[in-house]
Enquirer: 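Pasting a structure below so you can have a look.
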Amino acid sequence: MKKRFAKILAVLLGVFVLAGCSGNTNNKKETKSADKITVWAWDETFNIKAMNIAKEFDKDAKVEVVNMNQDDIVQKLNTILSSGSTDGLPNIVLIEDYRIQGYLKSYPKAFADLSKIVDPDKFASYKLAVNTIDGKNYGLPFDSGVTGWFYRRDYLEQAGFKEQDLQNVTWDRFIEIARIVKEKTGHPIMSMDPSDLGLTRVIMQSAGSWYTKKDGKTVNIKDNKALKYGVNVEATLIKEGLIEQVSDWNGGVKAVQSGNVASSPNGSWYSSTIQGGKDQSGKWGIAPIPNLKGIQSVNASSLGGAGWYVLKGVPGEKKAIDFLGKTFASNMDLMDRLAKEVGVVSTMVAAKDSATYQEESEFYGGQKVFADFSKWAAEVPEVNYGKDTYAIEAVMSEALQRVVNGEKIDDVFKEIQDQVEQQLNTSN
């Protein structure tokens with residue numbers, strides 16, 4: 001296990017190493033503005049589409065959007081930033097919330113301060129926490145990762161459950177519902193890739209907890225009640241055959257759109273995938289996620305989500321900041337368009353008051369989806385993801401399998417705590 005962890009860290013350390021030469025070593029002032037603003041982002045139906053719509057709200061800006069998958073963006077950023085050069089970098093890049101602390105701390109001079117365009121009173125606090133260092137904000141929050149329990153109304157009703165039965169439930173009750181749904185309908189409650197601990201992340205954050213403590217550095221595994229609860233939930237679902245096991249993202253999409261699974265606890269951004277099954281319109285609903293039995297928690301959490309970041313020293317830097325200021329940082333008309341055409345749940349607090357957010361969704365059986373997501377987003381606990389989330393999770397996925405295989409979770413977590421501390425102390 002230690003060898004595998006070391007190999008994974010070797011790949012991930014591109015985010016952390018060479019901090020001494022990190023950021024932009026080119027101190028020359030921008031003498032000539034670039035003709036265009038270059039943007040790197042992923043997901044043509046969501047992030048890319050949103051940026052292309054934003055272009056319509058600033059006609060003076062010439063914006064070129066480059067569609068890349070997230071892994072390629074991570075690799076290219078690591079390679080270029082660690083070289084100390086700005087050659088080949090875009091003006092604006094989309095970075096996932098779980099990854100940004102690694103970049104900001106390893107390359108502190110690489111990203112522009114966006115404090116002038118990001119009013120902290122206008123955005124959800126849990127989204128600002130990930131990109132704020134020493135009172136300065138280096139990122140513009142984009143989509144909300146606020147979670148919801150997407151469920152098939154028809155399958156749940158067939159199993160005897162109504163909408164009110166899914167309010168303010170615990171994950172223990174979720175498992176009980178999963179058993180009944182499987183027995184009465186034959187459908188697994190959800191799909192799950194056992195190597196992806198997304199569900200555990202959701203459970204942890206709803207209790208204000210993470211793999212590390214509030215400082216984002218101190219490993220928090222051995223005595224982490226919320227983490228143990230999350231792993232036990234996943235292990236139970238797997239052991240009892242209550243989920244459809246998949247091996248990648250596409251497997252999860254197929255499970256939902258084929259009509260095989262009865263629900264999907266997920267981030268609000270997953271709505272575009274759910275709605276990809278157009279023949280299922282009117283059959284879906286969204287409930288608040290469950291809470292943790294016996295542990296202080298709320299029926300709200302976050303999963304994924306990202307923000308826009310501006311690279312310092314790249315020609316066009318000022319134009320890029322101005323463009324973001326006129327669009328994603330302030331424009332409510334843009335937020336309405338993104339809600340209607342892309343399904344983006346904005347992280348702007350004022351979005352909840354717009355007419356669009358009060359509209360009923362035909363696909364979700366008349367539910368006011370955006371109003372519900374906005375309400376839940378206001379309740380999401382703020383946590384410090386730190387910079388080692390994925391490095392730690394590489395080991396935690398093996399811990400999950402060991403618990404599934406019957407090992408005692410306390411013994412497994414004690415060993416994992418020691419292992420992660422040793423590996424991170426060696427590598428960081």
Side-chain angles (χ1 to χ4, degrees), residues 22-96 99-100 103-104 107-118 131 136-143 305-338 341-342 344 346-348:
S22 65
N24 173 32
T25 58
N26 179 8
N27 293 318
K28 295 180 180 179
K29 293 184 178 180
E30 183 180 332
T31 57
K32 183 178 179 181
S33 297
D35 291 333
K36 63 184 177 183
I37 299 167
T38 305
V39 180
W40 286 358
W42 66 89
D43 194 342
E44 191 169 4
T45 63
F46 194 77
N47 304 312
I48 300 292
K49 187 175 180 179
M51 180 57 76
N52 282 327
I53 291 174
K55 289 159 54 175
E56 300 177 26
F57 288 80
D58 186 358
K59 300 293 186 181
D60 295 330
K62 297 178 181 179
V63 181
E64 178 185 19
V65 187
V66 180
N67 185 5
M68 303 167 60
N69 68 54
Q70 188 177 175
D71 288 341
D72 286 344
I73 289 177
V74 169
Q75 182 179 12
K76 288 187 180 235
L77 280 180
N78 291 343
T79 300
I80 298 173
L81 291 177
S82 64
S83 74
S85 171
T86 59
D87 293 340
L89 288 174
N91 297 104
I92 300 171
V93 62
L94 186 70
I95 300 178
E96 187 184 32
R99 297 183 187 276
I100 188 56
Y103 285 111
L104 293 178
Y107 310 105
K109 297 180 181 180
F111 297 92
D113 181 358
L114 302 184
S115 299
K116 289 184 179 181
I117 66 168
V118 179
N131 49 43
K136 293 183 178 180
N137 192 289
Y138 293 93
L140 172 57
F142 172 45
D143 64 316
W308 302 108
Y309 296 82
V310 174
L311 279 304
K312 284 184 70 174
V314 179
E317 177 184 335
K318 293 180 181 179
K319 285 186 176 181
I321 295 174
D322 183 61
F323 167 72
L324 289 178
K326 293 177 179 178
T327 54
F328 294 101
S330 62
N331 198 308
M332 287 306 305
D333 290 335
L334 171 60
M335 297 304 109
D336 282 350
R337 279 275 306 273
L338 297 183
E341 299 179 29
V342 187
V344 174
S346 176
T347 56
M348 294 182 69

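Residue numbers count from 1 along this sequence.
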Enquirer: Tell me, please, which residues at least two apart from A306 pass side chain to side chain contact (heavy atoms under 4.5 Å, CB included).
Expert: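 A306: side chain to side chain contact (heavy atoms under 4.5 Å, CB included) contacts with W42, L94, D143.
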Enquirer: Is a side-chain donor or acceptor of S330 paired with a backbone partner of G325 at a separation under 3.5 angstrom?
Expert: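 Judged by distance alone, yes, a pair lies under 3.5 Å.
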Enquirer: Is there a side-chain contact between I92 and I37, using heavy atoms and a 4.5 Å cut-off?
Expert: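 The answer is yes, as the side chains (C-beta and beyond) meet within the 4.5 Å cut-off.
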Enquirer: Work out which heavy atom in N91 is nearest to a heavy atom in A320; give both atom names and the distance.
Expert: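 N91 and A320 have their closest heavy atoms at CB-CB, 3.9 Å.
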Enquirer: Out of curiosity, K326 NZ to L334 CG, how far, rounded to the nearest 0.5 Å?
Expert: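 K326 atom NZ to L334 atom CG measures 14.0 Å (nearest 0.5 Å).
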Enquirer: Give a yes or no on whether the backbone of V74 and the side-chain of N78 come within a donor-acceptor separation of less than 3.5 Å.
Expert: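 Checked: pair present.
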Enquirer: Among residues at least two apart in sequence or on other chains, which ones pass side-chain hydrogen bond (donor to acceptor under 3.5 Å, both in side chains) with E64?
Expert: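 Testing E64 for side-chain hydrogen bond (donor to acceptor under 3.5 Å, both in side chains), a comparison that skips the adjacent residues, returns K36.
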Enquirer: Applying ring-ring contact (aromatic ring centres under 6.0 Å, His included), which residue pairs with at least one partner in residues 312-338 are found, sequence neighbours left out?
Expert: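 Non-adjacent pairs meeting ring-ring contact (aromatic ring centres under 6.0 Å, His included): F142-F328, W308-F328.
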Enquirer: With sequence neighbours excluded, what pairs up with Y138 under the ring pair (Phe, Tyr, Trp, His ring centres under 6.0 Å) test?
Expert: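 Counting only residues at least two positions away or on another chain, Y138 forms no ring pair (Phe, Tyr, Trp, His ring centres under 6.0 Å).
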Enquirer: What's the shortest heavy-atom distance between A329 and I117, and which atoms?
Expert: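 So the two residues come closest at CB-O, 3.4 Å.
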Enquirer: Taking all non-hydrogen atoms of both residues, which atom of P141 and which atom of V118 are closest, and how far apart?
Expert: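 Result for this residue pair: CD-CG1, 4.4 Å.
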Enquirer: In chain order, what residues pass the side-chain hydrogen bond (donor to acceptor under 3.5 Å, both in side chains) check against D333, with sequence neighbours excluded?
Expert: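 With sequence neighbours excluded, D333 shows a side-chain hydrogen bond (donor to acceptor under 3.5 Å, both in side chains) to no residue whatsoever.
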Enquirer: For K76, check side chain to side chain contact (heavy atoms under 4.5 Å, CB included) against everything at least two apart and list the hits.
Expert: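 Applying side chain to side chain contact (heavy atoms under 4.5 Å, CB included) to K76 gives W40, M68.
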Enquirer: Rounded to the nearest 0.5 Å, how far does CD1 of I73 lie from CG of N67?
Expert: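 The distance works out to 8.5 Å.
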Enquirer: Residues in side chain to side chain contact (heavy atoms under 4.5 Å, CB included) with N69, at least two apart?
Expert: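 With sequence neighbours excluded, N69 shows a side chain to side chain contact (heavy atoms under 4.5 Å, CB included) to D71, D72, given in chain and number order.
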Enquirer: What pairs with Q75 under side-chain hydrogen bond (donor to acceptor under 3.5 Å, both in side chains), at least two apart in sequence or on another chain?
Expert: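 Counting only residues at least two positions away or on another chain, Q75 forms no side-chain hydrogen bond (donor to acceptor under 3.5 Å, both in side chains).
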Enquirer: Start with the C-alpha gap between L311 and T86, add the side-chain angles, then the distance that decides, and say whether side-chain contact (heavy atoms from CB on, under 4.5 Å) holds.
Expert: CA-CA 8 Å; L311 279 304; T86 59; over 6 Å; no
Enquirer: Can you sort out the partners of N137 under side-chain hydrogen bond (donor to acceptor under 3.5 Å, both in side chains), two or more places apart, ordered by chain and number?
Expert: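 Result, side-chain hydrogen bond (donor to acceptor under 3.5 Å, both in side chains) vs N137: N131, T132.
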Enquirer: Using the ring pair (Phe, Tyr, Trp, His ring centres under 6.0 Å) criterion, which residues pair with Y309? Sequence neighbours excluded.
Expert: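 Expected list: none.
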Enquirer: What's the shortest heavy-atom distance between S115 and D113, and which atoms?
Expert: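 Taking every non-hydrogen atom into account, OG-OD1, 2.6 Å.
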Enquirer: Provide the closest heavy-atom pair for M348 versus M332 in the form atom of the first, atom of the second, distance.
Expert: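 Heavy-atom minimum between the residues: CE-SD, 4.0 Å.
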Enquirer: What verdict does the side-chain contact (heavy atoms from CB on, under 4.5 Å) test give for L77 and I95, after you've listed the backbone C-alpha separation in whole Å, the side-chain angles of each residue and the deciding distance to 0.1 Å?
Expert: CA-CA 10 Å; L77 280 180; I95 300 178; 4.1 Å; yes
Enquirer: If a pair satisfies salt bridge (Lys or Arg N to Asp or Glu O under 4.0 Å) and one of its residues is in residues 40-57, list it, with sequence neighbours excluded.
Expert: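 Only E56-R337 qualify under salt bridge (Lys or Arg N to Asp or Glu O under 4.0 Å).
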Enquirer: Step by step, would you call V310 with L140 a side-chain contact (heavy atoms from CB on, under 4.5 Å)?
Expert: CA-CA 9 Å; V310 174; L140 172 57; over 6 Å; no
Enquirer: Can you tell me how far NZ of K319 sits from CG of D58, rounded to the nearest 0.5 angstrom?
Expert: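 Answer rounded to 0.5 Å: 10.5 Å.
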Enquirer: Any side-chain heavy-atom pair from I80 and Y107 closer than 4.5 angstrom?
Expert: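 Side chain of I80 against side chain of Y107, heavy atoms only: no contact under 4.5 Å found.
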